[in-house]
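Encoded as C-alpha cells, the structure appears first; notes follow it.
In the text below, chain A, chain B and the rest are named by the order of the sequence lines, each starting its count at 1. Every heavy atom of this structure was used, including side-chain atoms; hydrogens, water molecules and symmetry mates were not.
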Protein chains: 2
Amino acid sequence: MDRLTQLNWDDLKFFLAIARAGSARKAAHGTGANHATVARRLTLLEEMLDARLFDRSQQGLTLTRMGETLLPYAERMERELAGASRAISGQDTRIAGTVHVSIPYFMVNTPVGEHIAAFTADNPEIQIALQASNQLASLQRHEVDVSIRYAKEVAGDMVGTVLAHCQKAFYCAPGLAKRMADNGGQGIDILGWNEPHDESDAEWIKASPFPNANLRHRLAEGASQTLFATAGLGLCILPCFYGDAQPGLIRAPYHDPIPDRTLWLLYHKDIRDTARVGLFIDYMTTNIRKHSSDF
Amino acid sequence: MDRLTQLNWDDLKFFLAIARAGSARKAAHGTGANHATVARRLTLLEEMLDARLFDRSQQGLTLTRMGETLLPYAERMERELAGASRAISGQDTRIAGTVHVSIPYFMVNTPVGEHIAAFTADNPEIQIALQASNQLASLQRHEVDVSIRYAKEVAGDMVGTVLAHCQKAFYCAPGLAKRMADNGGQGIDILGWNEPHDESDAEWIKASPFPNANLRHRLAEGASQTLFATAGLGLCILPCFYGDAQPGLIRAPYHDPIPDRTLWLLYHKDIRDTARVGLFIDYMTTNIRKHSSDF
DNA sequence: ACATAGCGGTGCAAATTTGCGCCACGAGGT
DNA sequence: ACCTCGTGGCGCAAATTTGCACCGCTATGT
C-alpha cells in the first residue's frame, strides 16, 4: 500500500504549530484544539514516520534533528495551501462573502474605521471580518485578505498601495491650550512615547515647535497618550487622523502639522482577483484618497 | 482566527485521490477508506473553501474549474510530503525496519527473487515488503524505496543502477528439443508476444536463428508463454534468467543467447541515505553483478 | 524555603467520525 | 424492454477522536 496515504496530512499542521509555539499547550491555544489532542496527534505522526520529532521536557517541546529536517517541508506544504486558498477565492466572482481585514488597534475609531464601516453600507452582501491587532496578521499565510498599516515603508512579497501621506501634530486638552503662549512651550509638559530612560532633554523636542517644553511620562500606545493628554497632563504627538478623532483633544496652538508616516493598504497580489476583495480595495483607495486632507 | 488552521489538511489527500480516481468509490478503494467518508470529506472541504470542486454525476466526479485550480497545489503538497518522508527516513541510521521493494511480477521466481530472499537471511533486523506488480510503483511518491525494472532505458528524477545486461534465448519443452534439427526451425512453431494481427511472417522471425519457423499464438505475458511452451506447443523467447528458472523448459538447441534488455535497480537519490535501504541496494548490486552470467 | 505557573502525560466520558447497508438513478449491454 | 453495473447520497450503530480534569514534575520568583 501507499505509505503516505496512511499518514494524516493534518498532523503536519499540528507539527508546524508546535514547532512555532514551542509547547503543545501554546500550539493548542493557537490552533483552537486541546493540548492533549495536539500532543496525541504529534505522537501519532511520530509513530507513522517512525521518528522522534521533538524532545520532550518540562519546558516544552524542542525540535530534534529529525524535526528540523521535517520543518521546511511542512512549511512548504503550508505555503502551498495558502496559495491554493488565494487561488480558489481568486476565482470567486461573486460580490458576496467575507473580506478579512486587519488594522492596527488604534485605527478603529478613526476615519479609517469609518470608511470600512461605510463600505459595508454600500455592499450589503459582503461581510467584513475586522481584526484589530497590533501584531500584523500574515497575508502570506492568508490569515487576512487585506492589511492596513501605518509605516514608513513596507516590504515583503505583497502589494502595497499608498492610501495617504499622513501628518502628525501636537494635541492637548482645551483647557491646556488656553494656558499656552507663543513661547516655544515654556512651562508645558510633553508626553513621550517609550524612549529609553533619562532622556528628558530628548533631541526631538529641541527640534520640535516646542523646544522649551518639558518631557514627562512615557506612554507606549496612543490610548494612554490620549488618556493623559485629555486629563490635561501635557501635549502629546499623534497622527492627525487619530488625534482629530479624539473628542477630548484639540490641536495645540502655535504650530503646524508635521509630515509623518504613510498609510498603506497591503494585500497579496493574487487576492485582488477575488471580486469582493478587489471591490473593498478599490473603495478604500478611492474614498480615503478623496479625503486625504483628513490625514 | 487563522482561516487555514480551520481547514483539515488531510481533506486535500482525499481531494487528490478523487481527482485521480474519478469517483468517490474508486478513490475510497485506493485510500483504504469508505466511499461515504471520501464523499463527506470532499463536501467538508468544499464548504471550508466555499467552492464547488467537483461536478457530481452518475458517472462519477469531474473537476470544476475551481477544482482544476486547486489540483496543482494539492499535488505540490503531496510532493513535499513525499520529500519529507524520504528526508526523514534518510536520517534513520538504524540497520532495522522495512525496505519496500517493487519488482515485475515475473521476476518473483527468478534469481532476482532469490537474491532478495537471501538478503533477509543476512539481515535479520530488516523486513522486506515485496510488491510484485506489473504497474510500476512510484518512487516519486515514496510508495516504495526501491524498484527493480527490466527495460532498455530508464528516465525520471531517480537514480538507476545497472544490475546486469541480460540475454534472451529461445526455450522449449525437452521433448520438442529432441525433435528439432539444424534447419532454421523448419516445421517448428514460435509463440509470439502480442504483435498486431496477421503478421505470421513477422520480420523479427526472419532475422532470428529460426527464420523458417512458423508464428503461432499470441501471448501477452511470460506466464502464458511458459504454459504453452511447457506443453510443447512451440518455441518461446524469454529472458535467460527467467527461462532458466522454469522447470519445464530448456534452451532450444542450434542457437546462442541474444543480447536483451537491462536489469535496473531504481531508487530516489535521497533514499540511499537510509541505512537499511543503502544496505539493500549494495547487497543487490554486488551479488547480482557477481552472478552476472546467470542473466 | 516556599508558592506559583507552566509543562507533558493519562483516564474517562462526551462528541465526532467512520463504515455499513441501503436507496434512487442513469448509462450500456442484451 | 429489460437487466446489470457503478454512481452519489443518507440513516444508523459502532469505532474513534476529542475535551476535560487531573497527575507529577520543574523551573522561576518571592
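Listed by chain and residue number, A:D282 satisfy the salt bridge (charged side-chain N to carboxylate O under 4.0 Å, His left out) test with A:R272 (two or more places apart in sequence, or in another chain). Taking B:A27 as the reference, B:A17, B:I18, B:A21, B:V38 meet the side-chain contact (heavy atoms from CB on, under 4.5 Å) condition, with sequence neighbours excluded. Remark: B:R94 pairs with A:D50, B:D92 by the salt bridge (charged side-chain N to carboxylate O under 4.0 Å, His left out) rule, at least two apart or across chains. B:D55 pairs by the salt bridge (charged side-chain N to carboxylate O under 4.0 Å, His left out) definition with B:R52, not counting sequence neighbours. Under the rule for a salt bridge (charged side-chain N to carboxylate O under 4.0 Å, His left out), A:R40 has no partner lying at least two apart in sequence or in another chain. B:R216 is linked by a side-chain contact (heavy atoms from CB on, under 4.5 Å) to B:D189, B:N214, counting only residues two or more places apart in sequence or in another chain. For B:S224, the side chain to side chain donor-acceptor pair (under 3.5 Å) test picks out B:E221, with sequence neighbours left out.
In this structure, B:L61 places its CG atom 16 Å from P of C:dG26, rounding to the nearest Å.
Screening residues 45-85 of chain B for ring-ring contact (aromatic ring centres under 6.0 Å, His included), with sequence neighbours left out, gives B:F15-B:F54.
Remark: the A:S102 side chain and the A:R149 side chain contain an N/O donor-acceptor pair separated by less than 3.5 Å.
Residues A:L45 and A:N8 fail the side-chain proximity criterion, which asks for heavy atoms closer than 4.5 Å.
Among all heavy-atom pairs drawn from A:I271 and A:S89, the shortest one is CD1-OG, 3.5 Å.
If you take CG on B:L44 and CG on B:D10, they are separated by 12.0 Å, rounding to the nearest 0.5 Å.
In this model, the phosphate group of D:dG6 is not approached by any side-chain N or O of B:K26 to a distance below 4.0 Å at OP1 or OP2.
Within residues 52-60 of chain B, the residues that place at least one heavy atom under 4.0 Å from DNA chain C are, in residue-number order, B:Q58, B:Q59.
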If you restrict it to nitrogen or oxygen atoms, what contacts under 3.5 Å exist between nucleotides 28-30 of chain C and the protein, and what is each distance?
none

Could you go through nucleotides 16-23 of chain D and list every protein N or O atom that sits under 3.5 Å from one of its N or O atoms, giving the distance for each pair?
residue : atom : partner : partner atom : Å
D:dT18  : OP2  : A:R41   : NH1          : 3.0
D:dG19  : OP2  : A:N34   : N            : 3.1
D:dG19  : OP2  : A:T37   : OG1          : 2.6
D:dG19  : N7   : A:R40   : NH2          : 3.0
D:dG19  : O6   : A:R40   : NH2          : 3.2

Under the salt bridge (charged side-chain N to carboxylate O under 4.0 Å, His left out) criterion, do B:E78 and B:R20 qualify, and how do the steps go? CA-CA 13 Å; B:E78 182 192 52; B:R20 284 175 178 146; 2.8 Å; yes
How would DNA chain C look in dot-bracket form, 5' to 3', counting Watson-Crick and G-U wobble pairs with both distances under 3.5 Å and writing | for bases paired to another strand? ||||||||||||||||||||||||||||||
